[in-house]
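Only one structure is covered here, and it is reproduced in the block below.
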Amino acid sequence: MTLIYEELYVIKSGIPLTSEGSGTTGHAVMQLNKEDGGNRKYILCTNNENNICEEVTYQRLKNILF
């Protein structure tokens, strides 16, 4: 996640489009916004193979919010 985090830190605008697995890009975007008050957005696309979105991605991103 460190590489994604560093790349997003430099990019203050734009919307990354990601084919999510465990939610790494979404996690990095939300964490950076939390740290520096940014307003970065991202688009998450998934086919929910093996219920990864419901069981992993959703929970990971929900934990960042609260």
Side-chain angles (χ1 to χ4, degrees):
M1 184 168 114
T2 303
L3 181 59
I4 293 171
Y5 187 84
E6 290 172 0
E7 289 174 1
L8 289 171
Y9 184 78
V10 173
I11 302 169
K12 301 254 180 193
S13 62
I15 302 174
L17 172 62
T18 179
S19 173
E20 287 290 337
S22 63
T24 304
T25 302
H27 183 160
V29 169
M30 292 168 61
Q31 187 64 39
L32 279 170
N33 285 342
K34 197 178 216 183
E35 288 178 11
D36 67 7
N39 191 28
R40 298 169 191 87
K41 297 174 177 70
Y42 62 95
I43 298 172
L44 184 151
C45 301
T46 182
N47 65 358
N48 199 30
E49 185 175 344
N50 299 321
N51 291 323
I52 193 164
C53 186
E54 294 173 12
E55 295 176 5
V56 178
T57 309
Y58 173 76
Q59 293 300 323
R60 181 178 191 174
L61 299 178
K62 184 175 92 169
N63 289 337
I64 302 262
L65 293 173
F66 303 105

How many angstroms lie between [atom1] in [X] and [atom2] in [Y], if you round to the nearest 0.5 Å?
{"X": "H27", "Y": "L32", "atom1": "NE2", "atom2": "CG", "result": "9.5 Å"}
{"X": "Q31", "Y": "L61", "atom1": "CD", "atom2": "CG", "result": "11.5 Å"}
{"X": "K62", "Y": "M30", "atom1": "NZ", "atom2": "CE", "result": "12.0 Å"}

What heavy-atom pair brings K34 and I64 nearest, and what distance separates the two atoms?
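Smallest heavy-atom distance, with atoms named: NZ-O, 2.8 Å.
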Could you tell me which non-hydrogen atom of N33 sits nearest to which non-hydrogen atom of N39, and how far apart they are?
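Smallest heavy-atom distance, with atoms named: OD1-N, 3.4 Å.
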Hey, does T57 have a side-chain heavy atom less than 4.5 Å from the side chain of L44?
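With C-beta onward as the side chain, the pair touches.
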Please check this pair: side chain of N50 against backbone of I52, looking for a donor-acceptor N/O pair closer than 3.5 Å.
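No; judged by distance alone, with no hydrogens or angles, the pair does not exist.
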Holding to side-chain hydrogen bond (donor to acceptor under 3.5 Å, both in side chains), I want the full list of residues that pass it with N63, two or more places apart in sequence or in another chain.
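Residues passing side-chain hydrogen bond (donor to acceptor under 3.5 Å, both in side chains) with N63: none at all.
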Side chain to side chain contact (heavy atoms under 4.5 Å, CB included) partners of N51, counting only residues at least two apart
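Partners of N51 under the side chain to side chain contact (heavy atoms under 4.5 Å, CB included) test: N48, E54, E55.
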